[in-house]
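Here the structure is laid out as structure tokens; the discussion comes afterwards.
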2 protein chains.
Amino acid sequence: MIDPHSTFEIDPWKLREAVLNLDDLAQSESVFALSNGHIGLRGNLDEGEPSFLPGTYLNAFWESRPLPYAEGGYGYPEAGQTIVNVTNGKIIRLLVDDSPFDIRYGELQSHERTLDFRDGVLRREAIWRSPAGATVRVTSHRLVSFTQRAVAAIHYEVEPLDTSARLVVQSELVTNEPHRAESKDPRAAAALEAPLAAEEFFGSDTRAVLVHSTKGSGLRAGAAMDHIVEGPDNTGFHPAETWEDLGRLTVTSTVEPGESLRIVKFLAYGWSSRRSVPAVRDQVSAALAEARHTGWEGLLEAQREYLDHFWEQADVELDGDAELQQALRFALFHTLQAGARGENRAIAAKGLTGSGYEGHSFWDTESYVLPVLTYTAPRASAAALRWRRDTLGPARERAQTLGLKGAVFPWRTISGGECSAYWPAGTAAFHLGADIAGAVCRHQAATGDVEFERDTAIELLVETARMWRSLGHHDGVGNFRIDGVTGPDEYSALADNNVYTNLMAQLNLRAAADIVHRHPDRARELGADEEEAASWRDAAKAMLIVYDEELRVHPQSEGYTEHSEWDFSKTGADQYPLMLHFPYFDIYRKQVTKQPDLVMAMFARGDAFTDEEKARNFDYYERLTVRDSSLSACVQAVIAAEVGHLELAYDYFGEAALMDLADLEHNTKDGLHIASLAGAWLVAVAGFGGMRDHDGELSFSPRLPERLTRLAFGISIRGRHLRVEATHTEISYWLLEGEPLELRHFGRPVTVREAKLVLPAGPPLNPGEPPSQPPGRAPRRRRPD
Amino acid sequence: MIDPHSTFEIDPWKLREAVLNLDDLAQSESVFALSNGHIGLRGNLDEGEPSFLPGTYLNAFWESRPLPYAEGGYGYPEAGQTIVNVTNGKIIRLLVDDSPFDIRYGELQSHERTLDFRDGVLRREAIWRSPAGATVRVTSHRLVSFTQRAVAAIHYEVEPLDTSARLVVQSELVTNEPHRAESKDPRAAAALEAPLAAEEFFGSDTRAVLVHSTKGSGLRAGAAMDHIVEGPDNTGFHPAETWEDLGRLTVTSTVEPGESLRIVKFLAYGWSSRRSVPAVRDQVSAALAEARHTGWEGLLEAQREYLDHFWEQADVELDGDAELQQALRFALFHTLQAGARGENRAIAAKGLTGSGYEGHSFWDTESYVLPVLTYTAPRASAAALRWRRDTLGPARERAQTLGLKGAVFPWRTISGGECSAYWPAGTAAFHLGADIAGAVCRHQAATGDVEFERDTAIELLVETARMWRSLGHHDGVGNFRIDGVTGPDEYSALADNNVYTNLMAQLNLRAAADIVHRHPDRARELGADEEEAASWRDAAKAMLIVYDEELRVHPQSEGYTEHSEWDFSKTGADQYPLMLHFPYFDIYRKQVTKQPDLVMAMFARGDAFTDEEKARNFDYYERLTVRDSSLSACVQAVIAAEVGHLELAYDYFGEAALMDLADLEHNTKDGLHIASLAGAWLVAVAGFGGMRDHDGELSFSPRLPERLTRLAFGISIRGRHLRVEATHTEISYWLLEGEPLELRHFGRPVTVREAKLVLPAGPPLNPGEPPSQPPGRAPRRRRPD
């Protein structure tokens, strides 16, 4: 576990690792990963080894693998999809007077890495004394371009510090890197053995190109590199050589102290499921030419400009907790990296930072990541939802397989096919359809993007509404029931009338009916009309929302509150996460909650609960929620803040924001928890900022925990850029640009313009004693000493 | 599908196949299988080919195989068990003037096979003209001895019919026979490739022995053969030769018409998990010596005597339906074969007639097969329950893994380890524990066997009661709830308070409390006392039995009747069984029943329902029950008869009894449905005979359907042999031997002695119109024309 206090220095805009600790290498590969949402490079060392998991990913480039079942069943998916570690272009090996530069040998005098959130560059500086006694400074700067999505680049420099050194640099493209041993943790990925078959390779001068394809999924990827080499006059290189799984440029130079050998390495990647070998080869060659034309400095400048623009609108400032200020920017930076240039591809649970969960996307995308991107990078949010639209084909087929109308989206997938091999937690988690619908509605309301509404929103809403209408049924007294489904809480399954599911389905059905009414022409093309819409409205109106009159709380699903409570007193601290130590059968049938379910409903459908219900429900479920999911803390924080438990919310905030920097779930090595990082933004903005957007109506009720003296954040809203600043006493709203904006401040309608509107903070809430959590499962306290 | 009207001739005591139809070969291998519960020989042709599935089984001789999971989970079993096709000793190949005797070549002039239920011999006679023109009669008689459990024998004879023939007979032991292709049907078995490793082989004179062991499970099996050869003077043989996987005796003879070559082949089998190669070798050699000493005629005579004794007590006579008379004896014969000499081993779902379900045992044993054996072959019933007792070790471990007290028996197993890879239908089906307890109680009441009570019953009852006590919990109002379990109906899963489960658990808890009270000394050894027993009685008393007040029926589980009903109108006739055409998620959440669940509860716990409840419940579930399980028809028949729908019961009777003879589920090829065959007896005795034994109180209420003019059956009861005979007007009871017996005749206590007690039949019931079944799922009508 990385202790952020020792491994990383606290800095508002950077993540700096001052020493290299081999035990932290695996985690550091994830936290230092660079990505633009299309290419992802794990923070592996330039020289390739040591490494925990070499990782170079292209969004949606996957290989199929059979899903085995000891006992199969109808409709079980037969093949899964696994993200491929494609050709590694990060590798730059160095020989110093015959000694390979390897930090495990010789003497590493200093080693520092810094990820700068403002220019998106990963910088490394190592001073190393070779076993033979030569000391060199190795500096590398690495970026994955936000502006040229097919491009990454590395600026690599070596300087002898005490004596002349003979240097050999091998800059490589390496395909089919050996993989590490398989893990037993189901959350880690299945490893693929040499998944890529060579199709073409050639090198000339400083350039090399390799084209490979996968054997099962039939996808084709090209990787190319070019170089600019600068050094003393004696510096030379062999023209790039290539083999099936290797491209190499070898540079030799004898360098004196005071001189240096500098290499700029441009990398270009591309893939296609349709284009030919020559087409893919040319595509990456062209991207490479453009990168070289832009040059290292040009790429760097564009990167800085892109991020300046982003931070100007989206930065969240926290005064009073420097650690969380850093963690929050880290979180927002990685959330952006995950989706920035996805362009109609999925945003995976791990982004492109590791192979955890096999590179799959889940409901996290729509329920955790898109709420952030919709308000900070709306083009990325639209692109992610267009990806869902583009996968309506397989989703309609899946619905048919399952005997349903409309579309059933996959619980986990890369390209749209269902990859979940455990149906009670996969297929049965139908709420995903409404999560997508919810994200569509939010995006639509936040952007007012009519093109999106017509080309994407309506089709997604109509097909998911059809699914709900066919999944539920009216019972004898007219209630619309949705039986036998799994809600967000993965420690329950196959229950009737899950409140989150039913409320989200209600939202989905209503939104579909509304959009059909607004766009009758597009609706007609989808075969939908007012008659069908009326049946959706009926179902929404009759939706059964179960309530336990005795306890005066909402059971998360029908009957939940009658089940026995998990015996926490007999559960050891080392028995979490429960799913690795107890059988599903027992977990499912008891009152124990992995992650917010009813509490998630109170966030996503806060309009459906009274304040009193929220307070009582939150209390009830806090006792039962073990937070065995990284999706937990942020949502608990948001509702804790809403019901007035600000210090508890603040504790959860720390957990969500530090999930990966502190490696709280001990699996950051497999990739970052993008949803939890996005969740940190949600805590700041929806939690302490009190932002809600039910039915597109924007409202704020900022309330800060004691230690935070100031919170400021910005959101994009219908073409405007709104900034909000909150202290314990005052709330300010202003627009960076755009037309006046109506919103609610503690329930009161106000109009915000470019001039700062300063309003008094709302009245304090008196929620009473904070609720307790299961023994040992309380979040780490962040209160002031 | 075998049409019993054409393939088999109707005969009260025999199953005769007059012609060989290759399309029926697979099914015929199962229906002509011979077994004594220890050795099982499929009805393969002597010459080995053609065959669908060569099968030679030893009870509980299995190989392990990995159980793969695309997504694993805590407590999932890692290895399964598969019954092994051991060394095939049935093979006798014949060469007639250089032509191998193979019914697919030359001309098969006649071919007849007969299984005689009275002497347990499978007889075959074929007249075959070889491609070269020689005609021979081949006769074989095969038996698996009930009296010498390690022994089988074949009497084989060849007679040339028209001209002298040069005959070569190769009598063999063949190990690791090639297996057939895998089936996609989950109910068929996974095939094992060459599972046996040779350990020793030797032959001398007419004898050969092969010893093999499995690679994974480490079990060792020996197979041995010896021969008596009789023929014309020129007859000779090579001393038996052996190789790793082959033993062979080759006999040569030139035989004239009017002469014959006769070979008696004795087979001996044995296996052990502990004994050495020499010990196993000697064990089978000794059994072989004893068989040869007894001789063919001796074995035949003992077989006849054994069966005479069985039929004398257990025969069921039906007047008015010759087809069912035959089917019922067939059923009873195979039920006996499955368990007769199991001797503390399991009785598998397919007996030893095929590799379906991988040779596993399920709850069928206790709930369907043992009710028959308890009353017809009580030693076999006790042995099967002692097998459960012997597996308490792994069952206690399983309980611990699952976080429960006591013992959790495996849903499917051969040797006691859980082999179910799909926990919602395996682990969660806890009712198995109570089914075992129910069988224990029944056996105990029916035999009064105190030794069994002390050495087996108490331990099984105590450990299952402990399981229930820890599985359930008292809710806020004091009800004892059992949540999240799966009842008998495999089209529902993970529901709360399954009525069958709760009622059976209640019986189990009470019985355990009672036996602890009766045997305080044995209880102490098990750590049980009156305090613990009191907690079981409390739980039993507080057991929640859910009831739908509105519909006035029992939901099979809590909430069941609120679920939407399966849309039968949209389900095609070719979409059954539903599980092969619809996803579990949809099947589980709707009102559709694969097999009796609540109706099963009304049979097993008939004392817990009023007559009116039985009638209403039966009506309700008939509409929803699709009978996609061979466990269905017999139980529906029993309750149909009880509530007065005698003609419907009669229809179901036909289905249960003809399950395999008519191949109603198209998978008799994988082995017989022993539970359905046993179920045919249940229909006769518990259905039309109205026999019940709740709390050990024996009662009869015989009522016959119109076409049956007379039903007579016998049961063993507490050392007595009771016969019951029913016509439409009179019921007679008498004892073949033993002390006077108290029982109830239509509720009225009577005492039965050796002299026939003739009583009038009960009053007719007027149940009204018979209920309907889902469209297309009504049983085939058997009413008189």
Side-chain angles (χ1 to χ4, degrees), chain A residues 65-77 80 184 186 190 401-404 419-428 430 471-476 481-485 493-496 550-551 558-559 562-565 567 570 578-590, chain B residues 65-77 80 184 186 190 401-404 419-428 430 471-476 481-485 493-496 550-551 558-559 562-565 567 570 578-590:
Chain A
R65 67 178 184 98
L67 293 175
Y69 302 98
E71 292 186 36
Y74 175 86
Y76 284 19
K184 279 218 160 182
T401 300
L402 298 175
L404 295 169
C419 299
S420 172
Y422 177 56
W423 75 265
T427 298
F430 286 95
L471 186 70
H473 78 283
H474 288 93
D475 67 11
R481 296 174 57 94
I482 300 174
D483 293 333
V485 302
L494 307 187
D496 296 343
E550 194 129 337
L551 296 173
E558 195 166 358
E562 289 174 275
H563 293 169
S564 80
E565 290 184 14
D567 190 345
K570 290 194 182 143
L578 297 180
M579 64 188 189
L580 298 186
H581 301 93
F582 298 95
Y584 284 129
F585 108 82
D586 206 30
I587 292 174
Y588 285 175
R589 68 200 205 94
K590 288 182 175 162
Chain B
R65 66 177 185 98
L67 292 175
Y69 303 97
E71 294 185 36
Y74 175 86
Y76 284 18
K184 279 216 159 183
T401 300
L402 299 175
L404 294 169
C419 298
S420 171
Y422 176 57
W423 74 266
T427 298
F430 287 95
L471 185 70
H473 77 284
H474 288 93
D475 67 11
R481 295 173 57 94
I482 301 173
D483 293 332
V485 302
L494 307 186
D496 297 343
E550 195 130 338
L551 295 174
E558 196 166 357
E562 289 174 274
H563 293 170
S564 79
E565 289 183 14
D567 191 345
K570 290 193 181 143
L578 297 179
M579 64 188 189
L580 298 185
H581 301 92
F582 298 95
Y584 284 128
F585 107 82
D586 207 30
I587 292 174
Y588 285 175
R589 69 200 205 90
K590 288 183 175 161

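In the text below, chain A, chain B and the rest are named by the order of the sequence lines, each starting its count at 1.
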Checking B/S564 against chain A: side chain, backbone, both or neither under 4.5 Å from a heavy atom? both

Name the region of B/H563, side chain, backbone, both or neither, that has any atom closer than 4.5 Å to a heavy atom of chain A. both

Between B/L402, B/D586, B/D475, which residue shows the highest count of heavy-atom pairs closer than 4.5 Å to chain A? B/L402

Under the salt bridge (Lys or Arg N to Asp or Glu O under 4.0 Å) test, residues paired with B/R481 that sit two or more places apart: A/E562, B/D483, B/D496, B/E558

Non-hydrogen atoms of chain B under 4.5 Å away: do they reach the side chain of A/S420, the backbone, both or neither? both

Given the options B/T401, B/L471, B/V485, which has more heavy-atom pairs under 4.5 Å with chain A than any of the others? B/L471

Could I get the full list of ring-ring contact (aromatic ring centres under 6.0 Å, His included) partners for A/H474, not counting sequence neighbours? A/F480

If you tally heavy-atom pairs under 4.5 Å between each of A/G484, A/G476, A/A421 and chain B, the highest tally belongs to A/A421

Within this structure, what is the CG-CZ distance for the pair B/L494 and A/F585, rounded to the nearest 0.5 Å? 10.0 Å

What closest approach, in Å, do A/Y74 and B/H581 show between heavy atoms, and which atom pair accounts for it? CZ-O, 3.3 Å

What part of B/Y588 is in contact with chain A, defined as an atom under 4.5 angstrom from a non-hydrogen atom: side chain, backbone, both or neither? side chain

